[in-house]
Every structure is written in C-alpha cells, then in structure tokens.
Amino acid sequence: MDTKILILDFGSQFTQLIARRIREERVYCEIHPPTVSLDWIREWAPSGIVLSGGPASVYGEDVYRPDPQLLRLGVPVLGICYGMQMIAYLEGGRVHPGIREYGRAELTVEAADELFAGFQDGERTTVWASHGDHVDEPPPGYRTLARTETLPVAAFRAADRPVFGVQFHPEVAHTPRGGEIISNFVFRVCRCEPTWTAGSFIEEHVARIREQVGDAPVICGLSGGVDSSVAAALVHRAIGEQLTCIFVDTGLLRKGEREGVERAFRQHMGMKLVVVDAAAEFLSRLETVEDPERKRKIIGETFIRVFERAAREHGGNARFLVQGTLYPDVIESLSVRGPSATIKTHHNVGGLPKDMAFELIEPLRELFKDEVRNVGRELGLPEELVGRHPFPGPGLAIRILGPVSEEQLNILREADAIYLEEIRAAGLYDDIWQAFAVLLPVRSVGVMGDFRTYEHVVALRAVTSRDGMTADWYPFPHEVLARVSSRIINEVRGVNRVCYDVSSKPPATIEWE
C-alpha cells in the first residue's frame with residue numbers, strides 16, 4: 001500500500017462519508033482520533049491528512065487541540081468545516097460565532113488552484129453547509145480560495161504549503177461537485193495512486209493470514225450473511241483445509257437458507273462445513289417470550305452454548321476464530337476525546353464470551369460493506385450471497401412480534417419468500433437496502449369465498465439506505481405491491497391481510513423489534 005490518507009475525526013456525523021469518498025477513488029484511508037501523536041503520524045506515513053468536521057467550538061473548554069506542528073509535517077492537509085476552523089485557530093487566525101448555515105449555499109470560487117481544479121475563477125456551485133462558527137479572514141500566511149454570500153472566507157489555503165480548509169462538506173451528496181474537490185486533494189495535492197482494489201486487498205491479506213496462522217487449525221462461525229461468508233472465503237483462500245466453518249441452524253432462518261449455505265460453501269467453494277441443527281433448542285427457549293430484548297438475549301446465549309459445543313467437537317483444537325468485523329464496527333469504538341479504546345467484539349447473534357480460548361482473525365476490519373461485497377465477488381462467491389440484503393442475527397424471531405412458534409415461523413418464511421421472489425422478478429432487489437416481511441401479533445376479519453376468516457396480518461417493509469443509519473421507505477410500483485399481496489393471501493395459509501410500512505428511520509427503526 002504505497003499511498004494512503006489519514007482522517008482525524010473530530011466527531012462529525014459525516015466522517016465515514018469522507019472515508020467512503022476517498023476509498024471510492026481506490027485510495028486507502030483510515031479514521032483515527034485527533035489525539036494520535038505526531039510521532040505516530042510520522043510512523044504511519046500518510047500521503048495526506050483530512051481534519052473532519054465536528055459539533056464543538058475551537059474555543060470550547062473540553063476541546064482537544066492538535067499540536068500546531070501537525071500543519072508543518074510536510075504532509076498535505078485538508079480541513080473540512082470544523083477542521084478548517086481548527087486550522088485557522090492553530091495558525092493564529094480568528095474563528096467567530098454568529099453566522100449559522102445549515103443546508104445548501106452558493107459557493108463562488110475565487111482562485112481555482114489545485115483543490116478547485118476543473119472550476120473557473122468566479123464560477124458558482126452549490127455546496128452543503130452545516131456550521132455555527134466561521135472564519136472572517138484567512139489566518140496570517142493564508143489566502144482566500146472561495147466565498148459564499150454570507151461567508152467572506154468559505155475556503156482558504158496556506159501560501160507556502162499544501163494546507164487547505166473548506167467551510168462546507170464536499171463529502172455529502174448535496175455538494176454536487178464535492179467528489180471533484182476530494183479527488184483533487186487526493187490526486188493533485190497528495191499525489192496518491194489508485195491502487196486500493198479488491199484484488200490487492202485479497203493478495204495482501206492472504207499473506208497476512210498465512211503468517212498469523214501458520215499451520216494451526218482455525219474455526220469460523222458462519223451465518224450465511226455477507227460478512228461472515230466473505231471472511232470465511234478469504235481465510236479459506238489463505239489456509240484451505242485448516243479452516244472449519246460451523247453453521248448453526250437456529251430454526252429461525254429464511255426459507256432455503258440452510259440449503260443455500262451448504263450448496264455455496266460445500267459444493268461451490270469446497271470448504272469444510274459443519275452444520276449443527278439446534279432448531280428445537282432455540283424454539284423451546286423462545287416459546288413463551290414476548291419481549292424483544294429477552295428474545296435477543298436468549299438467542300445470543302443459546303447460540304454461544306451451541307457454538308461452544310460444536311467448536312469443542314469439530315474444531316480440532318483450533319487456536320483461531322474468524323469473525324466478520326467491518327470497519328464501521330471498528331470506528332464505533334474510537335473516541336474523539338482520547339486514544340482508541342479496545343475494539344469491541346462483534347458477532348452475528350451475540351458477543352462470544354471473552355474467556356473463549358481463541359485468537360481472533362478479523363480480515364475485513366478495514367472494509368466498508370460495499371468493499372466487502374467487491375472482495376466476495378473477486379473471491380468467486382455467488383452473487384445471490386454477496387449481494388443479499390442484511391439479515392439480523394436473531395433471524396425471524398424478531399420479525400414475529402410476540403412469542404415464536406413453529407407455525408408462525410412457517411407462515412413468515414413463506415410470506416417472506418414470496419415477497420423477495422416478486423422483488424427480484426420486478427428487477428428491484430438491488431435498488432433496495434433491505435426488504436422483509438413481519439408477522440404481526442393481531443388477527444383480522446376477512447372473507448374467502450363464502451366464508452368469514454379471522455387470520456394473521458403480515459406487514460411488508462422495504463427501505464433505501466446507504467449505511468443503515470438512516471433510511472427511507474421504498475416507493476414500490478403499485479402493481480408490484482398488489483401482486484405480492486395477492487400471492488401471500490392466496491398461497492400462505494393463515495394470512496388474510498397484507499400491509500405496507502411507510503415509515504422512515506428516524507423516527508422508526510428498520511426492523512420492528
């Protein structure tokens with residue numbers, strides 16, 4: 001990895017977007033707290049540094065202020081919003097409160113240097129602003145690059161060094177040409193090379209895994225989801241038969257899921273797969289449980305017990321455990337007030353016990369979800385696996401509101417399968433972040449033929465999202481919803497009413513429980 005960008009996170013809600021935009025340019029980057037030392041930065045050797053936005057004021061009592069020498073390391077720096085204000089403060093300029101801007105603003109480019117390459121002097125463009133403080137004049141030794149109607153200094157740069165600041169957010173979609181600005185910084189200013197690809201990632205991490213593992217046996221808790229599947233495939237590429245995957249059939253899976261996992265990993269990938277049928281154990285513990293948090297806890301505890309038994313029986317004295325931890329999981333543990341904390345352990349159902357005698361292999365911990373999918377494709381995993389929607393670890397149990405029974409699971413499985421089948425048939429699956437059916441704890445009156453019915457209600461949910469943090473309901477064509485509803489009511493015994501959920505997140509969540 002020859003070139004890379006360091007992002008120092010001052011707490012902006014958009015910091016992950018900055019990283020994603022840089023990664024989309026095929027340049028590697030990492031997010032770290034601003035408390036990392038200058039010596040650490042020198043050793044990490046970034047090609048450029050981005051200072052993110054943040055909610056604080058540079059004059060706040062509890063605000064961390066980096067060493068001013070950060071701006072004199074000989075490394076290009078881009079400050080975004082609060083990051084620009086911090087540069088002004090560190091360089092002896094004044095940051096003023098009082099002009100709040102939230103939303104779209106018109107930016108006028110006054111000097112189209114490297115950062116604004118492709119723009120013309122005097123050109124106007126729309127940007128997204130979100131700030132309370134601002135800079136009225138550039139600090140000593142800096143010059144203005146752009147302004148808005150309310151801000152005389154909306155972008156500046158040091159006259160003698162590649163240190164830049166912008167008082168808007170180029171990383172968000174609401175800044176239409178923001179991608180050009182980030183690309184200019186990455187390539188024209190930092191001279192990065194676009195070498196961060198799925199192929200290069202696989203090559204590097206296969207070597208890393210082989211070095212870490214040696215000839216020791218390794219186990220992986222395989223859920224059939226994207227993350228654990230790609231992690232397993234990558235480790236298998238590295239060590240082959242040393243890896244044993246354990247798939248726990250909780251009885252809470254979607255229709256055909258167990259068979260699909262066995263087909264993909266045993267037949268297609270030739271991997272050593274142990275399937276544990278624990279459906280009866282899970283269902284017996286969930287039989288009378290209504291509270292969703294108790295459900296999650298019971299499922300997590302039961303999974304741990306089943307997995308431990310399977311690991312002892314089939315793990316072959318394994319020293320290592322593979323987990324599909326992703327970069328957003330890692331970022332959540334970083335604090336803007338101090339050095340990074342211990343990275344939390346993630347698992348598909350519930351956190352595995354801290355006293356389990358395994359060393360972790362987390363080969364995807366540097367990747368975002370879309371990058372994981374690309375690695376999976378490069379590894380040869382089938383598209384129906386790598387392109388699948390997210391599925392919760394507790395499975396269908398949290399999509400049955402109230403106690404869980406075999407009868408309810410069968411109803412929900414069939415309804416959910418019809419729903420997804422029709423979405424795929426309409427060519428809409430890849431336009432949707434997540435789609436699923438929910439079985440409600442109510443019955444409704446209906447008429448079928450000449451008979452009165454009193455049966456279950458199924459709710460359908462489909463949302464669009466980029467990262468799952470916020471989501472909008474998906475506007476299906478009416479004929480698709482009509483077809484789904486008709487098929488579920490006619491083909492799933494026990495259902496006489498279908499509803500569609502049109503709430504966004506927030507205020508609702510994506511899942512119902």
Side-chain angles (χ1 to χ4, degrees), residues 12-14 16-17 20 55 102-103 130 172-174 225-227 252 254 286 289-300 326 328-329 331-332 346 348-350 368-370 388-404 408-409 411-413 415-420 422-423 426 428-444 456-478 480-482 484-485 488-489 492 495 497-513:
S12 170
Q13 60 181 318
F14 301 132
Q16 285 194 39
L17 274 181
R20 293 176 71 93
Y102 298 99
S130 177
V172 304
H174 300 300
V226 177
D227 305 339
L252 308 172
R254 287 174 289 195
L286 290 169
V289 179
E290 293 189 21
D291 180 75
E293 289 310 308
R294 277 199 64 213
K295 280 187 196 175
R296 290 178 183 274
K297 187 174 180 181
I298 288 169
I299 293 166
L326 302 192
D329 303 331
I331 294 169
E332 284 176 6
H346 283 252
N348 290 298
V349 176
F368 290 103
K369 190 79 166 189
D370 51 345
R388 73 184 302 192
H389 293 171
F391 185 64
L396 298 181
I398 59 167
R399 293 176 179 174
I400 294 172
L401 308 193
V404 178
Q408 291 169 318
L409 283 165
I411 290 172
L412 183 56
R413 270 195 202 98
D416 191 70
I418 289 170
Y419 185 31
L420 294 179
E422 288 295 336
I423 289 173
L428 302 176
Y429 188 84
D430 292 337
D431 297 337
I432 297 169
W433 166 267
Q434 194 171 8
F436 55 90
V438 179
L439 189 63
L440 303 186
V442 295
R443 292 178 183 247
S444 72
H456 293 282
V457 179
V458 167
L460 306 178
R461 181 82 159 131
V463 297
T464 58
S465 179
R466 185 171 181 89
D467 53 17
M469 301 301 293
T470 61
D472 291 321
W473 59 276
Y474 183 75
F476 276 113
H478 290 179
V480 175
L481 280 179
V484 172
S485 174
I488 290 175
I489 291 171
V492 181
V495 176
R497 192 177 298 269
V498 173
C499 306
Y500 186 58
D501 181 350
V502 293
S503 10
S504 296
K505 175 186 179 180
T509 55
I510 295 177
E511 296 284 349
W512 281 47
E513 285 193 346

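Worth knowing before you read on, the calculation uses all heavy atoms, side chains too, and leaves out hydrogens, waters and symmetry mates. This chain uses plain numbering: 1 for the first residue, then up along the sequence.
One finds the CG atom of Leu252 at 10.5 Å from the CG atom of Leu412 (value rounded to the nearest 0.5 Å). Interatomic distance, Ile423 CD1 to Asp431 CG, rounded to the nearest 0.5 Å: 10.5 Å.
Under the rule for a side-chain contact (heavy atoms from CB on, under 4.5 Å), the partners of Leu326 that lie at least two apart in sequence or sit in another chain are Asp227, Pro328, Asp329, Leu364, Lys369, Val372. Remark: Pro477 engages Leu428, Glu479, Val480 in a side-chain contact (heavy atoms from CB on, under 4.5 Å) (not counting sequence neighbours). Here Ala482 pairs with nothing under the side-chain contact (heavy atoms from CB on, under 4.5 Å) rule; sequence neighbours left out. Checked against side-chain contact (heavy atoms from CB on, under 4.5 Å), Leu460 has the following partners two or more places apart in sequence or in another chain: Tyr419, Ala437, Val458, Leu481, Val484, Ile488, Val498, Tyr500. The ring pair (Phe, Tyr, Trp, His ring centres under 6.0 Å) test applied to His389 returns Tyr429, not counting sequence neighbours. For Arg443, the side chain to side chain donor-acceptor pair (under 3.5 Å) partners at least two apart in sequence or on another chain are His456. Applying the salt bridge (Lys or Arg N to Asp or Glu O under 4.0 Å) criterion to Asp472, with sequence neighbours excluded, gives no partner residue. The salt bridge (Lys or Arg N to Asp or Glu O under 4.0 Å) test applied to Arg388 returns Glu257, not counting sequence neighbours. The side chain to side chain donor-acceptor pair (under 3.5 Å) check on Trp512 picks up Asp501, with sequence neighbours excluded. Remark: Glu513 pairs with Lys295 by the side chain to side chain donor-acceptor pair (under 3.5 Å) rule, at least two apart or across chains.
Taking each heavy atom of Leu420 and Ala435 in turn, the nearest pair found is CD2-O, 3.6 Å. Residues Ser504 and Trp473 come closest through the heavy atom pair OG-CD1, 3.6 Å. Heavy-atom minimum distance, Ile510 versus Phe436: O-CZ, 3.3 Å.
Side-chain contact check for Arg497 versus Leu440: every heavy-atom pair is 4.5 Å or farther apart.
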Show me, pair by pair, the donor-acceptor contacts under 3.5 angstrom made by side chains of residues 392-403, not counting sequence neighbours?
unit_1: Arg399; atom_1: NE; unit_2: Glu511; atom_2: OE1; d: 3.0
unit_1: Arg399; atom_1: NE; unit_2: Glu511; atom_2: OE2; d: 3.4
unit_1: Arg399; atom_1: NH2; unit_2: Glu511; atom_2: OE2; d: 2.7

